[in-house]
Chemist: 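Below you will find the structure I want to go over with you.
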Protein chains: 2
Amino acid sequence: MRKVGGVTVQAGRGYAKGRAKRREILGQAMALFGEVGYRGASLREIATRCGLSHPGLLHHFPTKQSLLLAVLEHRDEVDSAELLSGRTGLAVLRGLVDLTALNATRPGIVELFTVLSGEATAAGHPAHAYFAQRYQTTVRTVEHAYEQAGADGVLQPGIEAAAAARQFVALMDGLQIQWLLSHRRLDMAGILRAHLQAQLTVPLAAGSSLG
Amino acid sequence: MRKVGGVTVQAGRGYAKGRAKRREILGQAMALFGEVGYRGASLREIATRCGLSHPGLLHHFPTKQSLLLAVLEHRDEVDSAELLSGRTGLAVLRGLVDLTALNATRPGIVELFTVLSGEATAAGHPAHAYFAQRYQTTVRTVEHAYEQAGADGVLQPGIEAAAAARQFVALMDGLQIQWLLSHRRLDMAGILRAHLQAQLTVPLAAGSSLG
DNA sequence: CCTACCGATCGGTAGG
DNA sequence: CCTACCGATCGGTAGG
């Protein structure tokens with residue numbers, strides 16, 4: 001097998017087609033889960049949007065739950081790694097403000113995580129463990145970022161990293177709810193940036209995604 | 001009809017029983033909607049929990065949607081009015097911190113609003129209009145509270161009421177998500193109070209629900 | 001308030 | 001990858 005223009009050809013041709021279909025399924029599933037939640041989404045509707053029968057879809061993902069987890073893991077791979085890798089301290093927080101600005105151009109992704117995180121607060125939900133783990137990791141990352149920022153001397157006095165981390169993550173989630181319910185008439189990134197700026201002794205960069 | 005010990009008797013007896021059953025249905029529906037959302041809840045399950053057949057339930061609430069809206073309006077009557085009436089400025093914000101502390105003793109109510117507000121961000125959801133309206137009203141109330149607090153001279157300089165209101169409401173929602181996903185190991189009211197305190201020039205009261 | 005039923009839809013499987 | 005089917009469950013109605 002060799003690659004040409006990112007597509008594996010010859011012996012791998014069938015596999016490449018399968019992988020492309022897999023990506024299409026993940027995209028359509030992400031959109032529908034975001035529109036109506038996990039429970040509200042049907043395999044038949046997702047399959048139809050991909051030009052498949054629903055047993056055809058189950059050939060790629062054996063159960064509905066496996067499709068859900070694949071969607072969530074796919075999003076994490078694409079996003080978190082890209083915007084947060086190799087950063088420490090204030091740069092992590094700036095990266096999360098930039099991620100919020102980016103998400104304002106991707107309503108489908110905001111809907112996905114807002115609808116599913118609400119649904120998954122219930123103990124029996126198939127993504128409950130995933131979200132519980134995800135929040136623990138995220139809060140810890142943000143907490144370390146605040147600790148480092150404090151050590152770097154850019155934080156206002158009296159700011160506790162643990163509480164500040166919980167507040168920062170809560171703000172991101174709560175602003176997404178308001179953004180969706182106000183039909184996107186809300187500057188999520190601006191409001192988040194204002195919150196962060198008020199905790200700092202130095203000005204944040206202008207707000208682009210530059211390091 | 002006359003009332004004895006809060007229960008209407010004699011000619012009103014049947015009505016009182018009907019109203020008691022209605023309240024029982026509202027309570028069980030609130031619990032199940034909170035556990036599994038609107039879509040995940042079935043009329044049969046709610047009815048069974050009340051000792052009814054599901055057509056029996058539909059005698060009290062003609063459609064599933066009417067039951068949902070009745071549950072939401074019932075909660076608003078009981079809560080918002082009681083804790084926020086007749087307050088202005090900082091007292092409104094203090095009332096919301098106290099409401100958060102109260103909610104930490106009522107997981108069912110927190111689940112209800114967290115699950116449903118996520119579900120209802122979708123445009124077609126039967127409670128979408130309700131939540132859109134509710135957030136607009138809440139944000140405006142909190143914004144006016146910040147404006148009044150600023151006029152009263154208890155706010156740190158540079159705090160904009162509009163952004164501060166969005167932040168405050170977002171924090172309440174986001175902390176509820178984290179609270180549920182961390183199996184209630186989180187001091188929601190304490191973290192919210194710390195956020196508010198950092199914006200003030202005066203100390204908040206000790207944190208009881210005293211005016 | 002009940003039993004009995006309607007048509008629709010669900011996730012998943014059989015068999016090819 | 002398909003058609004055809006499974007048992008289960010859904011919201012709502014008929015009729016009493």
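Bear in mind that the values here come from a model prediction, so they are computed numbers and not experimental data. Order of the sequence lines fixes the chain letters, A, B, ..., with proteins taken first and strands second; residue numbering starts at 1 for each chain.
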Chemist: Under the rule for salt bridge (charged side-chain N to carboxylate O under 4.0 Å, His left out), what residues qualify as partners of Lys64(B), not counting sequence neighbours?
Modeler: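 None.
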Chemist: Ser53(B): what forms a side-chain contact (heavy atoms from CB on, under 4.5 Å) with it, not counting sequence neighbours?
Modeler: Pro55(B)
Chemist: Residues two or more places apart in sequence or in another chain: which of them pass side-chain contact (heavy atoms from CB on, under 4.5 Å) with Gln136(B)?
Modeler: Gln133(B), Arg140(B)
Chemist: State plainly whether the residues Arg184(A) and Glu111(A) are in salt-bridge range, i.e. N to O under 4.0 Å.
Modeler: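 Salt bridge between Arg184(A) and Glu111(A), a charged N being under 4.0 Å from a carboxylate O: yes.
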Chemist: Verify the contact: side-chain N or O of Ser53(A) to OP1 or OP2 of dC1(D), cut-off strictly under 4.0 Å; return yes or no.
Modeler: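 It does not, given that no N or O in the side chain of Ser53(A) lies less than 4.0 Å from OP1 or OP2 of dC1(D).
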Chemist: Is Val92(B) close to His144(B) at the side-chain level, that is, under 4.5 Å between some pair of heavy atoms?
Modeler: no
Chemist: Using 0.5 Å steps for rounding, measure from the CG atom of Leu32(B) to the CE atom of Met30(B).
Modeler: 11.0 Å
Chemist: With heavy-atom distances below 4.5 Å as the criterion, would you say the side chains of Leu116(B) and Tyr38(B) are in contact?
Modeler: yes
Chemist: Could you encode protein contacts along nucleotides 5-16 of chain C as a string, one character per nucleotide from 5' to 3', using B for base contact, S for sugar-phosphate-only contact and - for no contact, with a heavy-atom cut-off of under 4.0 Å?
Modeler: B----BBBB---
Chemist: Listed in order of residue number, which residues of residues 22-30 of chain A have a non-hydrogen atom at under 4.0 Å from DNA chain C?
Modeler: none
Chemist: Have a look at Tyr146(A) and tell me which of Glu160(A), Gln199(A), Gln167(A) forms a side-chain hydrogen bond (donor to acceptor under 3.5 Å, both in side chains) with it.
Modeler: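 The single option meeting the side-chain hydrogen bond (donor to acceptor under 3.5 Å, both in side chains) with Tyr146(A) is Gln199(A).
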Chemist: Dot-bracket, 5' to 3', for DNA chain D please: Watson-Crick or G-U pairs under 3.5 Å, [ ] where pairs cross earlier ones, | where the partner sits on another strand, dots elsewhere.
Modeler: ||||||||||||||||
Chemist: Can you find a pair of side-chain heavy atoms, one from Leu72(B) and one from Leu68(B), that are under 4.5 Å apart?
Modeler: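 SC-SC contact between Leu72(B) and Leu68(B) confirmed.
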